Each structure stands twice: as C-alpha cells, then as structure tokens.
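Just below is one structure, and these are the notes that go with it.
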Amino acid sequence: MTALKVTDLSKTFVVGGGLLRKPGAVRAVRPMSFEVATGETLGIVGESGCGKSTLARMLVGLNAPTTGQIEIAGKPLDNADPAAFGKLIQYVFQDPVSSLNPRKSIRQIMEAPLKWLHRMDRAARTARIAEIFASVNLREEFLDRYPHEFSGGQAQRIGVARALAAAPRIMVLDEPVSALDVSVQAQVLNLLADLRGQFDLTYLFISHDLAVVEAVSDRIMVLYFGAVVEIGPAREVFKTPRHPYTKLLADSAPVVGRPLTAPEQKDSELPDPLNPPPGCAFAGRCPRATDICVKVEPDLRPLGEHQLAACHHPLD
Amino acid sequence: MTTFLKLLFRNRLAALGAVVLGAIVLLALVTPLLPLADPDVTATGDRFMRPFTEGHLLGTDHLGRDLLSRLLWGTRLSLAVGIAAALVAGTIGSAIGIVAGYFGGRIDNVIMRGVDMLMAFPYILLALAIVAALGPGLLNALIAVAAVNIPFFARNIRGVTVGLAGREFIDAARLAGMGHGRIILTELLPNVASTIVIAMSTTVGWMILETAGLSFLGLGSQPPVADLGSMLGEARAALITNPHTSVVPGVMIFLIVMSINLLGDGVRDALDPRLRSGALTRPRAVTLVDRKGQVPEADQKGLLNIQSLETQFHVGPRIFRAVNEVSLHLNPGEALGIIGESGSGKSVTALSVMGLVASPPGVITGGAVRYAGEDLLSADYRSLRQKRGNNVAYIFQDPLSTLHPLYRVGDQLTEAIQAHHAVPDATARARAVELLKDVRIPNAEARVRDYPHQLSGGMRQRVGIAMALANDPDVIIADEPTTALDVTVQAQILALLDDLRRDRGLAIIFITHDFGVVGQLCDRVAVMYGGRIVEEGPTATILSHPAHPYTKKLMACVPELGGGKRELAAIPGLPPVVSDLPPGCAFAPRCDKATEACRVGEIGFTGSDTHRVRCIHPEEVLA
C-alpha cells in the first residue's frame with residue numbers, strides 16, 4: 001500500500017529583487033515524483049544545498065510547493081496547512097533543543113498536538129502522554145521540567161514523543177541524530193526502529209551520514225542540486241552505485257583501513273543556483289562527463305533490477 | 001526570580017534606585033491618607049511662604065497653596081500618567097512589533113515603514129501636533145506621549161521576534177495544529193516578555209519627563225490640578241524671587257527619573273541572558289594558571305609534551321573538571337588523534353596548550369605543557385604570544401566564525417604573516433597567494449580578494465588551514481576541522497592535511513569524534529571520557545584490539561558503510577557531567593563489566609608506554 005505519493009513536486013524561491021534589480025529564481029527542488037510504501041523507511045541523502053530540507057518542509061506543509069501534488073494515504077494535500085498535514089505526517093527536527101520552546105514545560109509541549117489536532121480533553125491527554133512517554137523510555141517526572149534541563153539525546157526523544165502524539169502515519173526525520181553524540185545516536189536510532197513497528201509508521205529519514213542512512217533504510221534516494229539522481233534498495237545503492245555522484249559519496253565516507261585519497265580532483269563547487277548550467281548539474285565534477293552531459297538534462301531511468309538513476313553514462 | 005533579585009541587588013546603584021523609587025511610590029500611594037492641606041485651596045495672603053514655616057513644611061506657591069500637598073498629589077498624578085503611558089505604548093508597540101516580526105515579508109515591510117515615518121518626526125513636534133489636534137488635557141497628553149513612544153517598542157520587539165520566528169519550535173507549534181494568533185500569544189510572547197519589561201523599565205522615566213514637559217507648556221494637566229510639570233510651569237515666573245517653588249518639583253522630577261533609570265539599567269543587566277552568563281566579561285589574554293601541586297619535571301618526551309594537565313571551570317560554587325590528569329606527547333611529524341564525545345574534555349585539552357581557554361571561568365590547576373622542553377604554562381604573555389601561530393597553530397571547526405567577515409581573506413593571511421615576521425606588504429601578499437595555492441584553492445590570485453562569505457564551506461576551511469600554515473608551525477592542533485563539512489569536501493580536506501603533514505613534517509593533533517577519520521589519518525590515538533584519557537596507543541592496535549570497554553563500545557556504535565539495514569549497538573545511559581564525577585571509573589555506570597572495585601578510588605594506567613589503558617577489567621590484557 002502506498003503511504004505517500006509525490007507527483008512533480010517542486011519549489012522555486014524568488015530571491016534578490018531590489019528596486020532596480022530583477023529578482024532571480026532558485027529552483028531548490030526540481031520537479032520530482034516518488035512513492036513510499038506503508039511501513040517502509042526511505043532514506044534521503046545529499047549534501048548541503050541539495051534541497052533535502054526544502055523537500056521535507058513541503059512534505060509536512062510548512063512550505064507551499066510551487067508545482068506538484070502530495071498524496072498521503074490516497075488523500076491529496078496541496079494547500080500548505082500544517083494543521084491539516086499534522087494528523088497524517090509529522091516532522092522531527094534536527095536540533096532537538098531549539099525545537100522545544102524554552103519557556104514551556106515538557107507537559108505543555110506534549111499537550112499541544114493532542115489539544116489542537118485531536119481536541120482531547122484533559123484526562124484523555126494525560127493518559128495518552130503517559131502511554132507515549134512509556135514507549136520512548138522517558139520518565140513521567142520529566143513532564144514538569146523545562147527543555148534546558150535535558151541532554152541532547154533526551155531532548156530528541158521528547159521531540160520524537162511530540163511527533164508521535166499527533167498520531168501520524170508518516171514521520172519525516174530531518175537529520176534526527178546528527179546533533180547527538182555517537183554513543184547516544186544509536187539509542188535514538190534503535191528507538192525509532194522499535195516505534196516504527198509498534199505504531200505502524202512510515203519514515204522518511206534525511207541525513208548526510210551515509211552509514212546511518214544505510215543502517216536504517218529500506219530504500220535510498222540520492223539528491224543532488226535539487227533533483228533525484230539515484231533511487232534504489234539501500235543494500236544496492238552504495239554497493240553498486242549507478243550514478244557517479246552516488247559513487248563519489250560512497251567513496252568519500254571515511255572508512256577505517258582505507259588509505260586517504262582525495263576522491264575527486266576536479267572543481268568541487270556546486271553550480272551557481274541562480275545561474276544553473278544546462279544539462280546534468282553534476283557534469284562539472286563528473287569524471288565520465290561528455291558533450292551530451294552539458295547539453296541534455298538526463299531523466300531518471302531504470303538501471304539494474306530495482307535501481308533508477310539519472311545519468312547518461314551510468315556505472316555498471 | 002530569586003536569582004533575578006540577587007543579580008539586581010548586586011548592582012549597588014540599581015539597589016539605591018529601587019530604594020528611592022520605592023519610597024516615592026509608597027508616598028504617592030498613601031497620599032490620600034496623609035493629613036495634608038487641600039492642594040487646590042488658594043490663600044493669596046499666604047503666598048510665597050518659605051519652606052519650614054509653621055503649617056507649610058515646604059512653603060506655599062504664588063496662590064498660597066501648600067507646596068507639600070501639591071507636590072505629593074502632583075507626584076501621584078505624574079507617576080500614574082507616566083506609567084500608564086508606558087503601558088499603553090508598550091502594549092501597542094509590542095503588538096505591532098510581534099505581528100510584523102512573526103509574519104515578515106510584505107506585512108512586516110508595510111508596518112515597519114509606517115513606524116519609520118512616525119519615528120522620523122521630531123518627537124516633541126509630534127506630541128505637540130497630537131495635543132493640538134485633541135486639545136489640551138492630561139489624558140490627551142498621555143495619548144500623545146504614548147503614541148510618540150510606540151515606534152521604540154515596535155522596533156525593539158520586532159527585532160527580537162524576527163530571530164525567534166525562524167526558530168524550529170515555532171514550526172513545531174504550527175505542526176501541532178496551532179493557529180497564528182495562538183502561536184503569537186503562547187509561543188512568542190513568553191519569549192519576548194523579558195525584552196518588553198526591559199524596554200519599559202528603561203523608558204518609563206523618559207515618559208514621565210515628556211508628560212511633565214507637555215504640562216510645563218500648559219498642554220497637559222489644567223489648573224488647578226497639580227502635576228510636576230505644571231507646578232514647574234507655574235513657578236517659572238517666580239524663579240528668581242522665590243526659587244523654592246521651582247526647586248521643590250524640580251528635585252522630585254530629578255529623583256524619580258534618576259531612580260527609575262538606575263533601576264531600569266539594573267533590570268536590563270539582570271535580565272539580559274548574555275550579561276547573566278558573563279559572556280560580556282572580556283576573557284583574559286591567557287588562561288589563568290593556578291597550579292596547586294608541584295610542576296612535573298621535564299621528561300624529554302616528544303616535541304610537545306602535555307604532563308598531568310588539569311583544567312577546570314569555576315562557575316559559581318560548581319567546579320567542572322574538564323581536563324583531569326591528562327598526559328600526552330607528540331613527536332615531530334606525527335599525527336595524534338584525540339577521540340571523545342562532547343564534554344569529554346578533548347577541546348579543552350587542546351586549548352589549554354596555548355593558554356586559549358577563556359578565563360574566567362577557566363583555570364589551569366595543575367600539570368605542565370612543554371614545547372621543546374620549555375613549560376608554556378609558566379611562560380609570560382609575550383613569549384607565549386610569539387609561539388601562538390608561529391610554533392603551534394590551530395584549525396577550528398567552523399571557519400565562518402573564525403575568519404573575520406569584514407576583511408578579505410588575503411588581508412587576514414597577510415596580517416597573520418606580519419604578526420610574526422617583519423616583511424614588506426608585497427612579500428607578505430605574495431606569500432598569501434602561495435599559501436592559498438598550497439591548500440589547493442583554484443584561481444588563488446583572484447580568491448585572495450574574496451571575503452569569507454563569498455567562499456564555500458570547504459574553501460573557507462582551506463583558508464583556515466592556510467592561516468594555520470602561514471608561519472610554518474611545527475605543530476597544528478585541528479579541532480574537529482571537518483565536522484561542519486559535507487562528506488565529499490571532508491575527504492578532500494583530510495587528504496590535504498595528510499599531504500601537508502608528509503610534505504612539511506608537521507605534527508598534528510587531530511580532535512574528532514569519528515573513528516573513520518582517526519583510522520585514516522592518525523598514527524596514534526588517545527580516547528577521552530569524562531575529562532580523562534582512558535586509553536592510548538597506536539591507531540591500528542586500538543582499532544583492531546581496543547582494550548577499554550568504552551573504546552570497544554563506542555566503536556561498535558559507529559555504523560560503517562556496507563553493512564546494510566541492521567540494529568545498531570548502543571551504550572545505555574548518558575555521558576557523565578564533569579562537575580559531578582563518580583569516584584573510580586567514570587564509565588562504570590554504563591559498563592557491563594563494572595564491579596565494586598571500579599567504583600572506588602583512583603584507577604591508574606596499566607600496559608606499556610606505547611599502549612596504556614585505564615581499566616581494571618580490560619578487554620585485552622596488555623603486556
């Protein structure tokens with residue numbers, strides 16, 4: 001069953017534009033379509049500026065898409081209204097501490113989605129909060145404390161608990177562990193895996209850490225410069241990458257025992273988003289680029305059994 | 001609240017202001033109960049009586065009215081009007097500011113340009129125009145004074161709100177189904193309330209003065225009602241012959257405004273979070289060194305030798321033992337990794353080497369740091385400064401915050417070179433270009449003229465490395481230099497550092513939380529936990545045969561690429577807080593091998609000089 005269906009979703013930001021200057025347009029997310037099945041975890045990887053956070057904000061209704069449609073559980077949602085999205089899809093933020101209002105107690109923070117999304121009365125709210133806190137391994141005595149009293153790992157569990165309180169079908173996890181220490185990171189990741197089974201959730205897991213994404217995802221989608229360059233089963237995407245950019249990412253991750261070599265020698269800058277190049281955005285950094293790459297933008301096409309990649313000269 | 005009062009009264013002047021203002025407010029409150037003469041009854045026969053005459057403690061005015069009575073009733077009125085005006089201006093101005101700041105975009109633009117226009121009028125002209133339109137009278141004066149002060153509040157509060165509106169907790173509130181009005185009232189307002197209080201406490205005095213000004217001109221309170229401004233206005237004609245009639249209200253205005261301003265400044269200082277945390281106290285140029293015990297003898301190890309270093313942070317009554325008995329040495333041309341989680345003391349160890357830990361609150365309480373045999377902790381500031389950058393250089397995590405945003409990168413490099421070498425500008429400039437080429441910045445001749453914000457994150461970190469290399473140091477301390485960078489860029493920076501090290505014979509201390517980075521770059525590695533080194537040895541040995549349970553578990557937590565979907569190993573519990581370390585091994589509460597012996601006394605190192613571990617139940621028995 002399809003939990004999330006995205007068709008031709010894109011976002012263009014208008015930037016600059018002073019009294020005498022013509023405003024420019026930045027295509028943060030180029031038209032993209034994908035589906036996520038119920039109970040699946042889709043990992044989304046890419047470097048800074050690839051559009052992964054903009055995509056996430058559109059999926060939860062915080063930003064209105066420029067074009068395209070978002071369908072959750074067969075129901076189209078295209079006007080950006082976080083309150084309408086809230087019951088179906090929730091967001092877990094990267095920085096656990098700044099996503100909690102410093103002036104509110106944890107109880108007040110936890111009650112907000114129950115009160116405004118589900119209109120529960122006081123008794124029902126208390127019971128539900130107790131239930132959720134038990135499932136994320138937090139003690140109920142924490143409820144009367146304030147966010148600054150918690151460590152990063154605890155604060156992130158509170159963030160997950162708040163998202164769960166809305167009883168969504170889908171959770172967008174935007175770099176949920178990158179602000180945490182390694183020893184705590186695994187605690188949160190394992191908790192998330194448990195919750196997925198317990199609450200029958202579907203995850204979109206965004207991260208820049210390839211090893212983490214691979215460890216938690218069923219499928220992985222690689223973004224570059226606002227577009228999907230490769231999508232496929234987690235096991236295969238990094239083992240047999242089809243797109244040269246995916247290969248570059250996989251080769252760049254520091255691995256014990258591998259000698260240090262700079263994996264690319266060419267200009268490593270991203271293209272100028274205000275003045276994007278024609279053709280493939282990766283061509284400037286790509287060792288396999290030919291004439292066609294700088295002229296024609298490649299489409300996503302099936303390569304191998306389950307993989308899709310947008311490349312004129314894919315790797316075997 | 002109690003900390004707020006404590007902070008407030010630590011400021012003597014604020015306390016004085018509070019006492020004076022308290023007395024005046026109390027007097028104003030009890031005025032109706034006091035046995036005073038009617039302030040408005042005239043007795044022309046008794047006019048201009050001097051102070052301290054029978055029945056008239058402060059004398060009488062030009063119509064023979066009792067000055068004491070008029071003063072107290074007038075003070076009451078002036079205070080009431082001033083405070084009311086501040087509340088009105090504060091409420092309306094803050095509402096405008098929050099709305100503009102929260103919605104942003106066009107709404108913000110329209111509102112704030114309107115406020116700007118209001119602000120562009122000279123305030124007294126604006127007040128006069130408002131009173132002229134509404135007619136004289138105390139209420140109209142109040143409206144005028146409030147209106148004139150609205151822009152001040154609107155601008156202040158908008159500034160604070162803009163910063164808050166982009167924070168993630170506002171997004172989270174929207175996702176929890178809250179509407180705009182509710183977010184403004186329950187999410188934003190509690191966070192800007194302290195700013196509103198600060199703005200009010202610093203402007204009430206000003207508003208009392210403005211009201212008095214309007215009354216002085218006859219546009220405020222109308223006769224026979226007294227307020228401080230109108231009392232002054234009426235006494236003006238007799239300023240020379242009977243000065244006491246003007247001095248009495250004048251002194252009162254002075255006392256009120258002075259005490260409010262002193263108190264207001266105190267409130268601002270006590271509420272401002274930056275002042276409270278002591279961020280505005282300038283740190284000393286060198287970390288305070290206050291060694292309790294003996295300075296360790298030089299033992300001729302390595303080029304840089306850290307011996308039993310102890311660095312603490314003294315915050316109020318709490319002592320944070322950030323670095324505890326840390327001993328490390330670094331040979332020429334060697335790369336040493338220090339690995340640990342946040343709060344393990346790895347950065348503080350590095351900063352202590354050159355006395356860069358901020359003091360207050362940091363204090364080095366023991367040990368020695370020897371560079372080529374010389375103890376840097378007992379060196380004077382001049383010789384230490386000579387060595388900073390020249391012998392030991394640093395590379396920090398975030399190049400955007402270490403480079404000055406307003407100077408071109410070339411100028412910053414030139415400055416770094418000229419700080420240590422008296423060379424002409426042209427030579428230094430040529431050297432700067434050369435350095436940028438060394439760190440493989442393409443088109444270095446043009447990039448020299450760029451500002452830091454024109455460079456990408458990876459390019460900025462290359463400039464950071466170029467700066468560290470500027471004076472050919474022997475040792476570079478790199479504190480998480482790639483943590484803020486993307487993986488593809490990280491790989492390039494690591495490869496660059498490795499090449500530089502081999503080409504120049506640099507010794508590098510590499511601080512990180514990433515075993516992959518250590519494994520690729522470092523010869524030796526030290527693992528820190530709770531301010532101590534728990535294990536140290538050759539990288540290959542530690543990665544293949546970790547001896548400390550913490551090292552082993554930490555390595556298991558790090559997922560490696562190529563493993564597929566799986567359950568990850570985790571360490572239960574949380575890293576310790578270094579102000580409250582348990583006796584014995586700091587890792588014992590999270591360790592499944594811990595026994596009673598682990599929770600008592602000091603646990604020393606076992607093993608050899610090359611591989612040592614601080615554990616009584618090591619995973620591997622060290623020879």
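A note on names: the letters A, B, ... follow the listed sequences, proteins ahead of strands, and every chain is numbered from 1. Side-chain atoms are counted along with the backbone in the values below, which use heavy atoms only and exclude waters and symmetry mates. These numbers come from a predicted model, not from an experiment.
Your options are A:Leu100, A:Ile109, A:Asp209, A:Leu249, and the one with the most heavy-atom pairs under 4.5 Å with chain B is A:Leu100. Looking only at heavy-atom pairs under 4.5 Å with chain A, the residue among B:Glu168, B:Met178, B:Gln490 that has the most is B:Glu168. Between chain B and the options A:Pro113, A:Ser151, A:Ala112, the largest number of non-hydrogen pairs under 4.5 Å is found for A:Pro113. Note on B:Arg590, B:Arg167, B:Glu567, B:Arg182: by heavy-atom pairs under 4.5 Å with chain A, the leading option is B:Arg182. Ranking A:Gln185, A:Gln94, A:Arg103, A:Glu214 against chain B, the residue ahead of the rest is A:Glu214, based on heavy-atom pairs under 4.5 Å. With chain A as partner, the option from B:Pro572, B:Ala173, B:Pro190 having the largest number of non-hydrogen pairs under 4.5 angstrom is B:Pro190. Ranking A:Ser217, A:Ser99, A:Gly86 against chain B, the residue ahead of the rest is A:Ser99, based on heavy-atom pairs under 4.5 Å. For the set A:Val184, A:Asp95, A:Leu189, A:Leu114, the entry with the most heavy-atom pairs within less than 4.5 Å of chain B is A:Asp95. Among the candidates B:His513, B:Lys553, B:Glu341, the residue making the largest number of heavy-atom pairs closer than 4.5 Å to chain A is B:Glu341. Of all the listed residues (A:Lys115, A:Arg57, A:Gln108), the one sharing the greatest number of non-hydrogen pairs under 4.5 Å with chain B is A:Arg57.
No side-chain N or O of B:Arg447 forms a donor-acceptor pair with one of B:Gln454 less than 3.5 Å apart. A side-chain donor-acceptor contact under 3.5 Å links A:Tyr245 and A:Glu47.
Under a 4.0 Å N-O distance rule, the pair A:Asp218/A:Arg196 qualifies as a salt bridge. Residues B:Asp523 and B:Arg501 are paired through a salt bridge, judged by an N-O separation under 4.0 Å between the basic side chain and the carboxylate. Salt bridge annotation for A:Asp174-A:Lys52: absent, with no cationic side-chain nitrogen under 4.0 angstrom from a carboxylate oxygen. Using a cut-off of 4.0 Å between Lys/Arg side-chain N and Asp/Glu carboxylate O, A:Lys104 and B:Glu187 are scored as salt-bridged. Here B:Arg318 does not pair with B:Asp580 in a salt bridge; the nearest charged N to carboxylate O distance is not below 4.0 Å.
Within the 6.0 Å centre-distance limit, the rings of A:Phe142 and A:Phe150 are counted as a close aromatic pair. Here A:His243 and A:Tyr224 keep their ring centres 6.0 angstrom or further from each other.
Residue A:Gln154 touches chain B through its side chain alone, counting heavy-atom pairs closer than 4.5 Å. With a 4.5 angstrom heavy-atom cutoff, A:Gln90 touches chain B only via side-chain atoms. Proximity to chain A is absent for every atom of B:Thr482, based on heavy atoms less than 4.5 angstrom apart. Residue B:Ala569 touches chain A through its backbone alone, counting heavy-atom pairs closer than 4.5 Å. Heavy atoms of B:Leu554 lying under 4.5 Å from chain A belong to its backbone as well as its side chain.
Contact between B:Met528 and B:Tyr550 at its shortest, heavy atoms only, is O-CE2, 3.8 Å.
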